[in-house]
Amino acid sequence: MNKLASRLVTLLVSLCMAGSIATAQTSPSHAVDAEGHQWWQHAVFYEIYPRSFADSNNDGVGDLRGITSKLDYLKDLGVDAIWISPCFPSPQVDFGYDVSDYENIDPMYGTLEDFDVLASEAKKRDIHIIFDFVVNHTSDQHKWFLDSKSSRTSAHRDWYIWRDGKGPGEPPNNWVSLFGGPAWKFDPVTNQYYYHFFYAEQPDLNWRNPAVKDAMFDVTRWWYKRGVAGFRLDAVETLFEDPGLHDNPILRPGKNAYGDAIEENKYNTKLPELHDVLRGLRKVADESNAVLIGETWTADVAELNQYYGEGNNELQLPMDFLFTMVNKLSPAEFRKQIAAVDGASGWPTFVISNHDIARSYDRYGDGQHNDQIAKLMAALYLTLRGTPIMYYGEEIGMKTTPPTRREDVKDPIGRTGWPEEKGRDGERTPMQWDSSENAGFSRGTPWLPVPATYKTHNVAEESKDPNSVLEFYKEVLKLRHTNRALLDGNYTPLNESDANVLCYLRVYKDQGVVVALNMSDAPQKVSLELKGKGFFSAKSLLATGKSAAKGDEVSLEPYGVFIGEVTK
Ligand code: NOJ
C-alpha cells in the first residue's frame, strides 16, 4: 500500500482514538427481482481510470471513445457496470478530481455526444455507467470559485470556506492538507484564507450553504437524465468541518512524508452532518433507481454501518477498505474481516485495489507465484456475498510500476513527498491490451510509461492461454453470474482454525457452493466437515491445477483454488 493509503489509515485510526469516530439506464430486467434483490446487488462493477484505459485519438491519454471501443471486451469479461473516474472538464491538477464544470466532458476525453454514444452502446450490452462525483471540493477554476474569490460580497462567496487568519501571516488554525502543507490558502484579493482538504487547487465547498446542496443535487439529476445509473461519491467523509475551527490534536511527534505534523483529523472529517447530505443524495438517486457507492475509509464495521444509514437510506455500496488493508495472505485476518462485513447492516462491497492503492498483484504476490496468487485473490473477492468492484487491469495481473526518478512523477503528491511518498502513478499505468508498441493502448506517447510486463500480461496473449489470469477471471465471473448460491447465498466460514486455507460455504435454499483457498506455498488437504452443515460431498465447479475434492476432502496445490458444488 502506498503512503497516501497509509495516511488514510492514520486518519481513521486517529478518529478511533478520538472515540468518534433513469431515466437511469436501468432496464426493467434490472428492477428488483422476485426476492427483492436490486440490480446493483448482482452486478459486477469495474473501475476505469479513463486516462489509462484506451486512447482512440492517439494523443497518449485514454478517452470515452476508447472506452466505447472496449465494451465488448468488458461484456465478455463479465462486467455489468463501469465506474468511470472523473472525466469532467478539469485543469487536471489531481487528474480530474478537480472539477471545473460538473455538467460536461473534458475535451481530452471527448464530448457530451461521445458520452451519449457510450451510454447507448453500454445500454445495448446491459452495462450500467457510474460516474465519479467529486462532492467535497471543486477546482479553483470552477466558475463558482472564481466568483467566490472575486470579492467578499460575491454571490458565491459563501459557497466555499473563507476565514480570517489568526493573525498576520497566520492561517485560521493548524489543519494540514492530506496532500501536504497547510489546509488554508491566503488570497490577497480579499485578505482571507480559503480551506482545502486536498490540493490548494481543490477548494472545499461549504455544504452548510443550502444553495451548494441544491446545485450539487441538481448535478446528479442532470446525469441521471442523461443515462448515468449511479455515482461513486468521492471523499464523503470530508464534507463538513467544525464551524468553531478548533485545532486538530497532534497524534504523535514527528513529521509525515510532506514534512507536516501528524494530526488526528478530529475536527475536519467524519462530522455527523455529512449523513444528512448522503440521505438527500440517496432520495434523488432513488427516483432513478440509481446506486450510490462511497469512498468510505472506515475504522470498523460500526462506522461502515453509519454510511448505510439507519434504515438503509444513505449509501447502498459503501466500500469496505478494511478488506484492502489485510495486506498478507492470512486466512485468519481475511476470515475476521469477511465475518465483520458480512454482519454489517447493508450489502457488502468488496474491493482489492483502485487508483489510490498499490495493485493487488504486488501486494499479495510473492514474486514466484504471482499469477497463481492473482487467481486466488480473484476467487476470493468474486465469490463472497456482496458486490465486487474490480479495478481495470487486475484481471490480467497488471503490476504496480512506480516511477524510479522524481522528475518522472506525474502525481503531484509523489513530487512533494518523494522519496517516501512516490505518488499514485504506479497503479495508474496504461491498460495492457496486446504485445504491440505501448501495449496497444495508444499509438501516441502514453501519458505514463507502460510496465515492462505488458509483453506477457496483456489481453490478447492471455485470451489465448486457458491458464491465464484473464481466463480465470472470466470463469469465476461466469460462475458467479449463473450460480444462485454465489449470488445470494449466506456466508458460513468453515475450518476456522486452519492457518493455511481459507474455506467457506455459500448456501442459498438447498443449493450450496464451497470455496477453498490455499494461502500457503505448500500443498494442503482439508476436510470440509460438510456433514455438520447438512451436505456430504463437493463436486468441482472450478479449480486451479490439480486442486480437487474427494468426498468432502479437498486437496489444494500451493496457492490453489477449489470451488465446488456441495450435494446433500
Ligand atoms: C479520493 C480520490 O480517489 C483521489 O484520487 C483524489 O485525489 C481525492 N479523493 C481527492 O478528490
Side-chain angles (χ1 to χ4, degrees), residues 1-9 11-12 45 47-52 83-100 102 106 130-142 145 160 176-181 183 195-205 207 216 219 231-239 257-258 265 268-270 274 292-298 307 315 317-321 324 349 351-359 389 391-392 400 402 409-417 421-429 447-448:
M1 186 175 311
N2 64 22
K3 291 290 178 324
L4 173 69
S6 74
R7 275 204 74 194
L8 286 159
V9 177
L11 191 150
L12 66 88
F45 287 67
E47 180 191 356
I48 291 178
Y49 198 66
R51 294 181 77 84
S52 298
W83 148 29
I84 305 176
S85 298
C87 53
F88 314 106
S90 160
Q92 305 288 331
V93 172
D94 192 15
F95 301 115
Y97 284 95
D98 46 326
V99 178
S100 54
Y102 287 98
D106 193 294
I130 307 299
F131 262 1
D132 205 319
F133 192 26
V134 187
V135 280
N136 174 67
H137 48 269
T138 67
S139 157
D140 63 348
Q141 298 307 307
H142 195 292
F145 187 73
Y160 295 85
V176 292
S177 155
L178 183 71
F179 288 165
Y195 173 67
H196 57 93
F197 186 80
F198 297 97
Y199 294 121
E201 294 85 349
Q202 295 167 299
D204 273 49
L205 283 161
W207 275 90
M216 292 295 272
V219 169
F231 288 96
R232 174 266 189 185
L233 302 179
D234 183 64
V236 283
E237 67 204 37
T238 59
L239 283 183
Y258 311 112
N265 288 84
N268 56 345
T269 64
K270 301 190 178 175
L274 72 89
L292 296 179
I293 305 171
E295 190 203 11
T296 39
W297 291 90
T298 61
Y307 286 104
L315 306 177
L317 299 176
M319 294 187 217
D320 174 39
F321 286 111
T324 67
T349 309
V351 282
I352 57 172
S353 294
N354 72 21
H355 63 286
D356 295 326
I357 305 174
R359 287 185 175 276
I389 305 182
Y391 182 48
Y392 83 94
T400 316
V409 176
K410 295 281 193 306
D411 184 14
I413 55 168
R415 288 198 296 274
T416 334
E421 167 65 68
K422 293 195 167 74
R424 298 160 291 180
D425 295 353
E427 51 264 29
R428 298 173 174 182
T429 58
W447 77 286
L448 280 177

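Atoms within each ligand, like the ligands themselves, are counted from 1 in listed order. Throughout, residue positions are numbered sequentially from 1 according to the sequence presented.
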At less than 4.0 angstrom from any non-hydrogen atom of [X], what atoms of ligand 1 do you find?
{"X": "Arg424", "value": "4 (C), 5 (O), 6 (C), 7 (O)"}
{"X": "His355", "value": "2 (C), 3 (O), 4 (C), 5 (O)"}
{"X": "Asp94", "value": "6 (C), 7 (O), 8 (C), 10 (C), 11 (O)"}
{"X": "Phe198", "value": "8 (C), 10 (C)"}
{"X": "His137", "value": "10 (C), 11 (O)"}
{"X": "Glu295", "value": "1 (C), 3 (O), 9 (N)"}
{"X": "Asp356", "value": "1 (C), 2 (C), 3 (O), 4 (C), 5 (O)"}

Just going by heavy-atom distances, which of Asn354, Ile357, Asp234 is nearest to atom 1 (C) of ligand 1? Asp234
Assess, by modelled atom type and distance only, whether the side chains of [X] and [Y] contain a donor and an acceptor separated by less than 3.5 Å.
{"X": "Gln92", "Y": "Asp98", "value": "no"}
{"X": "Asp106", "Y": "Ser90", "value": "no"}
{"X": "His355", "Y": "Glu47", "value": "yes"}

Could you tell me whether Phe198 and His137 have their ring centroids closer than 6.0 angstrom? yes
With a 6.0 Å cut-off on the ring centroids, do Tyr102 and His142 count as close? yes
Tell me whether the guanidinium CZ or amine NZ of Arg359 lies under 6.0 angstrom from the six-membered ring centre of Tyr392 and within 45° of its axis. yes
In a check of ring pair (Phe, Tyr, Trp, His ring centres under 6.0 Å) between Tyr160 and each of Tyr195, Phe145, Trp207, which one passes? Phe145
Which one holds for Arg428 and ligand 1: side chain close, backbone close, both close, or neither close, with close meaning a heavy atom under 4.0 Å? side chain
What do we get for Phe179 next to ligand 1 when only non-hydrogen atoms under 4.0 Å count, side chain, backbone, both or neither? side chain
